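Accompanying notes for the structure given below.
Because the structure is predicted, anything quoted here is derived from the model rather than measured. Residue numbers begin at 1 in each chain, while the letters A, B, ... track the order of the sequences.
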Amino acid sequence: MQWILSGDPPIRPNNCLWCCVCFLVMAMIQFSRTQTSLFSLLRLLSPFYRHKVSRRSMASDAATRFDFLVIGGGSGGLAGARRAAELGATATVIESHKLGGTCVNVGCVPKKVMWNTAVHAEFLHDHSDYGFDIGNVQFNWETIKAKRDAYVSRLNHIYRNNLDKTYNNKRKAKIETIQGHARFTNDPEPTVEVNGKKYTAPHILIATGGYPSLLSDNDVPGANHGITSDGFFELESLPKRSVIVGAGYIAVEMAGILSTLGSKTSVICRQTGVLRNFDAFISTNCTKELQNSGIELWKNTQVKSVSKKDNGLLEVTLVTKDQEKKNDEEKINTIQEVDCLLWAIGREPNTSGLNLSQVGVDIDERGFIIVDEFQNTTRKGIYAVGDVCGKALLTPVAIAAGRKLAHRLFEGKKDAKVDYSNIPSVVFSHPPIGSVGLTEEEAIKSRGKENVKSYKKSFTPMYHAITTRKTQCIMKMVCVGKEEKVVGLHMQGIGCDEMLQGFAVAIKMGATKADFDNTIAIHPTSSEEFVTMR
Amino acid sequence: MAAFCRGRYRWKRTNCIQFITRNLTGTFDYDLVVIGGGSGGLACSKEAAQLGQKVAVLDYVEPSVKGTKWGIGGTCVNVGCIPKKLMHQAALLGTALKDAQKYGWQVPGPISHDWRTMAEAVQNHIRSLNWGHRVQLQDKKVTYLNMKGRLVDEHTVQGLSKTGKETTLTAKNIVIATGGRPKYPTHVPGAIEHSITSDDIFWLKESPGKTLVVGASYVALECAGFLTGLGLDTTVMVRSVPLRGFDQQMAGLVTDYMEAYGTKFCWKSVPKRVAKLSCGKLQVTWTDRQTGQDQQDSFDSVLWAIGRAPETKTLNLEKVGIKLNKESGKILVGADESTSVPNIYAFGDIGEGRPELTPTAIKAGKLLARRLTGQSSELMNYDNVATTVFTPLEYGCVGLSEEEAESRHGKDSIEVYHAFYKPLEFTVAERDGSHCYIKVVCERGGDQRILGLHFTGPNAGEVTQGFAMGFRCGATMNHLKETVGIHPTCAEELTKVNISKRSGLDPTVTGC
């Protein structure tokens, strides 16, 4: 009996003691809420029960107890909770906002919907080349906004259903959700308080994600007139004049969507191009494609101040200075009549209200929770997955981490952990970017220049064979060693979003250049160029 | 008689000269003569030339029954992959236009498509590719002869030009890569006179209008698919099953989607005759094999897509001792593409048992050239070639169908994982996603090595290539599961598939 209170993982799901304990815990949860008279009946049935109650009362006053307490109902938290429940644990999810987290509400999903909307704008340029007479096409932002919101609500609902549906097979209990903000208490056992009620579990998962950084008015006067990607999804109409600050993938995606849909768009970046942490081949090409598509790029530039004019529009003052040139003078410019200033300068962890220091969960200098490879925080019994850890901020990574953790804690799979190498990801730029593994620069750094060989290809996809509008498809394969093991694959072009996944499987398996060469092409596609590279 | 004598004389003389040159110098005009300038022939000739061989390639397009002709590059470039994919793209854009309205785009009035604009653009692109092939041959110093090739003996090829000029070439090695052409039925009156095939459809100047496509091969379904997508009234007549040889569950999803998309299907029906009416329309009579009743309808065009036949008739193959499969008419070939005559090789669509696919022909051609020049002994591996059918809902696959896996391994030894997923692009567009499906067939025991992988959905071609590579590397179910997904894409669903058919659980994907 001791282990259920001490916080060690219950790792014997199939023995009868486990069943008994499961039953008890469930019963306790029920009774602590309902206080029915059956209480005494149960006490008679189980010799364990009295012992349990007394221990619990001493640990924390009337804290409701679960096997697995998840703070944050986003991709990582929900995946972890569901998998834990499937493995027999009582799991509860605490969420302060809507189920689904960033991905569903203000990330991947609505972003991709908007990207798809923008892709239609590109198609509309090509329709006449392919023989369609379409006349004068107008775009209505309100229509897509309403559809998108409806779809997101539908997803929220699906997530709710999924939680309700995820029955813990042994106990026929659904996953509970608690609406509210969680805060760690000063109880000796890790315990959180939500809406004045206390909850505890031997395993507590923090999966609270993050939010977009916003500069304060002290950093940049008037910065608060701007929005972030969260605000982007609240826009009720298409801005006429947009200014996006940042050079990361979110900046690239937001700028691409706004510009393609018809907003005059400027991107302000501190250095000379976008996506600086990608392979230089991609970074350079994306910067070029961005400009080709009509986006105004301000290099070596920062926002100095923002002011709101009487007509409600913003005036954004920029300062440009080439860092490379020591004597380069600062140039001041302004962009007038801006109706959408969007900060895409990074994301911060959602940890402020959690009272982490109270329970001894350490954070790094940027506020992200420090975890080991098994998602353990510095406090025993408390774990963290997803964006709140600041590493590979991607939905599928959070999901995988949540599930692996559940397997480790509730199925006794001691070695279950996510392999953070070779994670494929896509940027929904125009055209999209796919990337997995090391950049050429990283490969050279780790393996030495003489051991790295790259193959490159760039071509116009067949789709554009008969269109006046053109985009390029570029590909790069980074190989190391004599056997030419493929350690990185980077691409930008139509279809690259759907192209990468399968190759990522092969790269994870340790594929070599020869394996690529030995694969027969699928004709006519763009992806076949990867298996016919020379 | 005079003509005969003259011909005889010339034959004697040329043979005599050849005999002398051959025996005096021990050399031939060329190291390699390739008959057929399609994907395989061109790849083989260019590779050989790059490896230092003296190479000539003969290419000649016999006009179709309807009189359609085209340039160098073979089926793929002129009457296959390239034009069909472009017209498929056009059709997808037609669908996109409907979707766009759900995405907030207000498209005024009825949408119309002009066949002429599209066809001209496609045809111009093909001509630019023909030109590109000519330039490449020149760059690589391959002699190009626009002639119909005919074998004289195991080292001699006679070329006949359009104007009737004959040229004789001798070569150390000869490669036959003349490919195939669409078949016409033999017992349907009016079929040959009044209908077209895939050799003609891409070169039509005017829209084919209301079209009957006979056949259910991938060619038939692809053509019917893009015609439907371009807004034409299209009917497919199927004698037995669609996409024979492909996984039949997947084939069913492909045709179900097409039916929902607007393509009409006449199942279990065989055409009886085609007659031209005075109004210019074609009246087609067919028998419904289920009811035994004859039925009739009129069409603007009838397209036969009932299979392809090898182009061997004029090659004089049997005379020089090259053995053919009597039934298919294709050349019997060994693993090294050798025929029954030493020094003569054959590959591509003309080779018995070879997949009729461009990339296999290209690769086989290159490897053959390398072997002929002694650069390598590597043989072409024809197993597990991935392919994609570009129907309105694309279908990509690699490896075994479920049926084939069952018959080879036994039902109890395989596990089939599957998932119905809804592409994100379908949700806002309010499109029915019920045909978007994934099936991974794998061994039941051990590491669950993957035996076959099947995917219907948007961009199936782009999705499948990478997985085909993983497949070639020996991927198992665990390899799929251990790969982090790319969100939100359709391809990621392949890494998430986890419901087995055996479990009986609902394979519908919900949430992320």
Side-chain angles (χ1 to χ4, degrees), chain A residues 75 103 108-109 112-113 116-117 120 123 127 129-141 143-144 147 151 158-159 162 395-397 400 423-426 462-463 465-466 495 497-506 508-509 511 515-516 518-528, chain B residues 81-82 85-86 89-90 93 96-97 100 103-109 111-115 117-118 121-122 125 358-360 363 385-388 424-425 427-428 459 461-470 472-473 475 479-480 482-492 494 510-512:
Chain A
S75 309
C103 172
C108 327
V109 171
K112 178 107 191 246
V113 169
N116 283 334
T117 310
H120 280 292
F123 286 159
H127 271 103
D129 290 324
Y130 271 94
F132 289 94
D133 178 17
I134 53 167
N136 186 22
V137 179
Q138 299 282 320
F139 176 60
N140 186 306
W141 177 281
T143 307
I144 189 61
K147 291 248 182 156
Y151 178 55
I158 287 174
Y159 275 82
N162 279 347
T395 288
V397 175
I423 293 170
S425 69
V426 161
M462 206 181 85
Y463 172 83
I466 61 172
D497 47 339
E498 294 292 353
M499 201 184 291
L500 176 64
Q501 186 77 70
F503 290 110
V505 173
K508 192 138 188 101
M509 291 171 69
D515 291 322
F516 275 78
N518 288 333
T519 303
I520 308 285
I522 299 177
H523 189 64
T525 60
S526 285
S527 54
E528 69 178 310
Chain B
C81 323
I82 303 292
K85 179 93 188 266
L86 285 171
Q89 296 280 17
L93 283 175
L97 214 41
Y103 275 97
W105 296 94
Q106 292 155 343
V107 183
I111 298 158
S112 66
H113 180 262
D114 181 39
W115 176 276
T117 308
M118 175 194 70
V122 170
H125 177 62
T358 290
T360 48
K363 188 142 191 153
V385 173
T387 189
T388 295
L424 184 58
E425 45 269 59
T427 52
V428 171
N459 291 306
E462 306 296 357
V463 171
T464 311
Q465 183 74 75
F467 287 97
M469 200 195 137
R472 178 140 286 221
C473 295
H479 287 125
L480 284 189
E482 287 298 309
T483 304
V484 175
I486 303 170
H487 191 61
T489 62
C490 295
E492 73 172 322
L494 272 157
T510 56
C512 292

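Here the OG1-OH distance, from B:Thr427 to A:Tyr151, works out to 4.0 Å after rounding to the nearest 0.5 Å. In this structure, the separation between CG on A:Asp497 and NE2 on B:His487 is 13.5 Å, given to the nearest 0.5 Å. Taking NE2 of A:His523 as the reference point, atom OG1 of B:Thr387 lies at 11.0 Å (rounded to 0.5 Å).
For B:Thr358, the part lying near chain A is the side chain, with the backbone staying farther off; criterion is any non-hydrogen pair under 4.5 Å. B:Lys85 touches chain A through backbone and side chain together, each having a heavy atom under 4.5 Å away. For B:His479, the parts lying near chain A are the backbone and the side chain together; criterion is any non-hydrogen pair under 4.5 Å. With a threshold of 4.5 angstrom between heavy atoms, B:Leu494 does not approach chain A through any atom at all. The contact between A:Ala504 and chain B is made by backbone and side chain atoms together, counting heavy-atom distances below 4.5 Å.
Side chain of B:Glu462 to backbone of A:Glu528: no donor-acceptor contact under 3.5 angstrom is found. Using a distance-only test at 3.5 Å, with no hydrogens or angles considered, a donor-acceptor pair links the side chain of A:Glu498 to the main chain of B:Ala491. Proximity of a side-chain donor or acceptor of B:Gln465 to a complementary backbone N or O of A:Ile520 within less than 3.5 Å is detected. Judged by distance alone, the side chain of A:Gln138 and the main-chain N or O of B:Gln106 form no donor-acceptor pair under 3.5 Å.
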Could you check A:Ile134 against B:Leu97 for side chain to side chain contact (heavy atoms under 4.5 Å, CB included), going step by step and ending with a plain yes or no?
-> CA-CA 9 Å; A:Ile134 53 167; B:Leu97 214 41; 3.2 Å; yes
Worked verdict on B:Trp105 versus A:Ile144 for side chain to side chain contact (heavy atoms under 4.5 Å, CB included) = CA-CA 9 Å; B:Trp105 296 94; A:Ile144 189 61; over 6 Å; no
After noting the C-alpha distance and the side-chain angles of B:Met469 and A:Asp515, does the key distance pass the side chain to side chain contact (heavy atoms under 4.5 Å, CB included) rule?
-> CA-CA 7 Å; B:Met469 200 195 137; A:Asp515 291 322; 3.9 Å; yes
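Note on A:Val113, A:Ile423, A:Thr117: by heavy-atom pairs under 4.5 Å with chain B, the leading option is A:Thr117. For the options B:Met118, B:His113, B:Glu492, heavy-atom pairs under 4.5 Å to chain A are most numerous at B:His113. For the set B:Cys81, B:Cys473, B:Pro108, B:Gly109, the count of heavy-atom pairs under 4.5 angstrom toward chain A peaks at B:Pro108. Ranked by non-hydrogen atom pairs under 4.5 Å with chain B, the options A:His127, A:Met499, A:Lys508 are led by A:His127. Most heavy-atom pairs under 4.5 Å with chain B: of the set A:Thr143, A:Val505, A:Val397, A:Leu500, this distinction falls to A:Val505. Per-residue counts of heavy-atom pairs under 4.5 Å with chain A were compared for B:Leu480, B:Ile82, B:Ile111, B:Thr360; the largest is that of B:Ile82. The greatest number of non-hydrogen atom pairs below 4.5 Å with chain B, out of A:Phe139, A:Phe503, A:Phe123, A:Tyr463, is found for A:Phe139. Of the listed residues B:Gly485, B:Ala386, B:Ala468, B:Ala475, the one with more heavy-atom pairs under 4.5 angstrom with chain A than any other is B:Gly485. Looking only at heavy-atom pairs under 4.5 Å with chain B, the residue among A:Cys108, A:Ser526, A:Pro524 that has the most is A:Pro524. Options A:His120, A:Lys112, A:Met462 differ in how many heavy-atom pairs under 4.5 Å they form with chain B, and the most are formed by A:His120. Chain A forms more heavy-atom pairs under 4.5 Å with one residue of B:Ile486, B:Thr117, B:Leu86, B:Val463 than with any other, namely B:Ile486.
The closest side-chain heavy-atom distance from B:Tyr103 to A:Lys147 is not below 4.5 Å.
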